[in-house]
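Take a look at the structure set out below.
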Amino acid sequence: MAQKLKNNLEKKIFIKTFGCQMNEYDSNRIYDLVKSINYKKTDELDKADCYVLNTCHIREKATDKVYHDIGRIKKNFRGRKKPIIVVTGCVAQAEGDILLDREKYIDAVIGPQSLHKFNQIIKNIEKKSLQENLTGFDAKEKFDTLNYYKNSDSSVSSFLTIQEGCDKFCKFCVVPYTRGAEFSRPINELVKECKDLVSNGAKEITLLGQNVNAYCHNEKKLSSLISEISKIKDIERIRYTTSHPKDFTEDLIDIYRSHNKKLTPFIHLPVQSGSNKILEAMNRKHTVEDYLEIINKLREVNPRIKFSSDFIIGYPGETESDFNDTIKLLEKIEFINCYSFIFSPRPGTPAAKLNEIDHNTSKKRLVIFQNTAEKIKLRYRRSLFNKTALVLFENKVKNKDEFFGRDEYANSVIVKTKENLKGKIKKVKIKSGNQNTLFGEIDNKLNERNFAA
Ligand code: SAM
Ligand code: SF4
Ligand code: F3S
């Protein structure tokens, strides 16, 4: 009877997440928060009493996507009680008032650093259904409040936001305006949250920040935090993203030297361009030479390290020669993965006022860039065939006798098996693969030898 009453009172929340992993972390934390006001996660939009769009503003059409999605929800709920609609994330921060004015179906906009007030806003809307706009910046208050709620993410590979905001102000980027100034969380708080994640089954932790290697709390830097987190027994792997070349200090390079076996030998280090002229115009605060120096030092301390990167193609002022320099850098470093985007003028950023280069030229350059990056990636992936990879298994593939995991370089690997491999690390002989997935076989002999050792 009591259970039936509880189920009747229980409401459902659906969150659609766009953008970076920090938004994924925030969405997980919203699910944790709303439990205390009796909302439970649902994957079925039709059943939602509350629909949240956790948005990203990094490139164009972000706001259009919000209106488009709201249109779909309106259609879905036509003739029925509408769900509470909340827009969170970076579009909410940047365009809050405009969204509320234009789309009366939206009940609230909540910026990334006001998320901790989510429950209060829902209760207000339930009571009086007035539109709410919360876009203040208070990262400390956000995390102080979130600390009261256990992180219940139960993935084998979990995210942990250690740092918010950015003080770099690259001329093209909205992040300093949507996420505010750099803020780092205390180490003890992070170690505690990590232990919670481990108790839920996490084996791999990815430390997150818009500028993760700018992490600094009471003079403790990212390297100290990694060392502390490595001490947690059941954590097998540590990753972090996204780093900035300017903050790649010697102490961080040094931990790759030897002692840290849990830190994966794979670093995402965005460079954006291979031309010093463009890097300066972007206000990136580093040169191509600085970037190469970091790569070389890291390769020297640990030759197994591989890199991925982000590139902006067609930045205002980019000439054919600047673009060729970018291709040269790509070929020189042999990134195993690249994310490339045509420059998108973001409202309110200094670069939005610059004269854009011809869009067709940018498109052609992007195709050349991506073809070159794909060739390098394919060559790298072929080099893995018939070699052994260390794979941490995350989940069973739906409706198949297959298990999915990732190797140290975050490559997706699938093996055929009936065994439940969740949370286990196995040596896998890679047999084949395509651009997205590697296919392998568990090497029983190698794994036995490993346990005997
Ligand atoms: N903090 C990271 C860094 O320093 O590179 C990246 C953060 S940003 C969320 C992810 C990527 O989006 C950037 O590396 C950049 O390549 C891309 N990006 C950001 N603003 C952009 C814009 N206005 N146009 C095109 N790409 C953009
Ligand atoms: Fe954006 Fe990264 Fe530059 Fe910060 S460092 S402004 S997040 S691109
Ligand atoms: Fe997008 Fe905001 Fe992340 S703009 S990339 S969701 S920090």
Side-chain angles (χ1 to χ4, degrees), residues 15-27 53-63 65-66 87-95 111-113 115 135 137 139 159 161 163-183 208-215 240-248 267-274 278-279 281-286 291 294 307-316 318 326 335 337-354 356-357 359 362-363 365-366 369 373:
I15 307 181
K16 183 164 178 183
T17 310
F18 298 90
C20 63
Q21 289 127 324
M22 301 198 60
N23 260 10
E24 283 185 47
Y25 175 86
D26 283 345
S27 292
L53 268 171
N54 196 6
T55 57
C56 171
H57 204 228
I58 205 80
R59 281 175 289 279
E60 70 257 86
K61 306 220 170 78
T63 322
K65 272 189 207 156
V66 175
V87 182
T88 57
C90 291
V91 177
Q93 187 68 43
E95 311 258 348
Q113 290 196 13
L115 273 190
T135 42
F137 286 109
F159 294 135
T161 292
Q163 180 271 349
E164 276 258 8
C166 181
D167 295 343
K168 293 281 185 298
F169 289 93
C170 299
K171 293 209 168 152
F172 52 81
C173 184
V174 289
V175 171
Y177 310 97
T178 60
R179 294 267 175 173
E182 279 174 10
F183 169 82
L208 301 179
Q210 272 87 16
N211 227 325
V212 75
N213 55 340
Y215 175 86
Y240 58 87
T241 196
T242 299
S243 357
H244 189 286
K246 184 88 176 102
D247 295 314
F248 229 102
I267 302 170
H268 182 61
L269 191 58
V271 62
Q272 315 298 354
S273 170
I278 296 297
L279 289 177
M282 288 174 165
N283 190 31
R284 280 293 290 179
K285 301 178 168 61
H286 63 84
Y291 188 84
I294 297 163
F307 301 90
S308 61
S309 198
D310 293 347
F311 290 83
I312 294 182
I313 307 297
Y315 192 74
E318 184 190 80
T326 299
F335 295 101
N337 214 355
C338 288
Y339 302 90
S340 48
F341 318 93
I342 290 182
F343 165 71
S344 159
R346 308 313 294 131
T349 61
K353 297 191 192 103
L354 301 174
E356 278 184 71
I357 70 165
H359 195 62
S362 295
K363 278 210 287 214
R365 288 181 188 165
L366 185 71
F369 180 91

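Positions are given from 1 along the sequence. One-based numbering, in listed order, for ligands and for the atoms of each.
- Protein heavy atom closest to atom 6 (S) of ligand 3, with residue, atom name and distance, is N23 ND2, 3.3 Å.
- Scanning the protein for heavy atoms near atom 16 (O) of ligand 1, the closest one is Q272 OE1, 2.7 Å.
- Using a non-hydrogen distance threshold of 4.0 Å, K168 does not register as a contact of ligand 1.
- Ranking the protein heavy atoms by distance from atom 18 (N) of ligand 1 puts R59 NH1, 3.8 Å first.
- Counting only non-hydrogen atoms, the option in T349, T178, I313, I58 that gets closest to atom 9 (C) of ligand 1 is I58.
- Between Q210 and ligand 1, a contact under 3.5 Å exists for at least one N or O pair.
- Ring geometry for H286 against H244 counts as perpendicular: the plane angle is over 60°, on a 0 to 90° scale with 30° as the lower cut.
- Per-residue contacts place C56 under 4.0 angstrom from the following atoms of ligand 3 (heavy atoms of the residue considered): 1 (Fe), 4 (S), 5 (S), 6 (S).
- For Y177 and F169, the ring centers sit closer than 6.0 Å to each other.
- Heavy-atom contacts of D310 reach the following atoms of ligand 1: 10 (C), 11 (C), 13 (C), 14 (O), 16 (O) (cutoff under 4.0 Å).
- For T242, the closest heavy-atom approach to ligand 1 falls below 4.0 Å.
- Closest to atom 27 (C) of ligand 1 among all protein heavy atoms lies I312 CD1, 3.6 Å.
- Centroid-to-centroid, the aromatic rings of F307 and Y291 stay 6.0 Å apart or farther.
- At a heavy-atom cutoff of 4.0 Å, ligand 3 is contacted by no atom of M22, backbone or side chain.
- Heavy atoms of C166 found under 4.0 angstrom from ligand 2 belong exclusively to the side chain.
- With a 4.0 Å cut-off on non-hydrogen atoms, H286 does not touch ligand 1 at all.
- When distances to atom 1 (Fe) of ligand 3 are checked against a cut-off of 2.8 Å, C90 contributes no N, O or S atom below that limit.
- Residues C56 and T17 form no side-chain contact, since every pair of their non-hydrogen atoms from C-beta on lies 4.5 Å or further apart.
- For I342, every heavy-atom contact with ligand 1 shorter than 4.0 Å involves the backbone, none the side chain.
- The atoms of ligand 1 that sit less than 4.0 Å from any heavy atom of H244 are 4 (O).
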Stepwise salt bridge (charged side-chain N to carboxylate O under 4.0 Å, His left out) check, R179 with D26: CA-CA 12 Å; R179 294 267 175 173; D26 283 345; 3.1 Å; yes
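- Residue-to-ligand polar distances place S344 within reach of ligand 1: an N/O pair is separated by less than 3.5 Å.
- Nearest to atom 4 (O) of ligand 1 among the protein's heavy atoms is R284 NH1, 3.1 Å.
- When only interatomic distances are considered, the shortest N/O to N/O separation between F172 and ligand 1 falls below 3.5 Å.
- Closest protein heavy atom to atom 4 (S) of ligand 3: H57 N, 3.2 Å.
- For ligand 1, the polar-atom distance check against S243 finds no nitrogen or oxygen pair separated by under 3.5 Å.
- At a heavy-atom cutoff of 4.0 Å, ligand 2 is contacted by the side chain of P176 but not by its backbone.
- For ligand 3, the atoms closer than 4.0 angstrom to any heavy atom of C20 are 3 (Fe), 5 (S), 6 (S), 7 (S).
- Within the listing of ligand 1, atoms 23 (N) sit less than 4.0 angstrom from a heavy atom of R346.
- Of all the atoms in ligand 3, the ones that sit under 4.0 Å from a non-hydrogen atom of Q210 are 7 (S).
- Between H268 and Y339, the ring-plane angle classifies as perpendicular under the 30° and 60° cut-offs.
- Put simply, part of R284 is less than 4.0 Å from ligand 2, judged by heavy atoms.
- With a 6.0 Å radius and a threshold of 12 heavy atoms from other residues, nucleotides or ligands, K246 has its NZ atom at or below the threshold.
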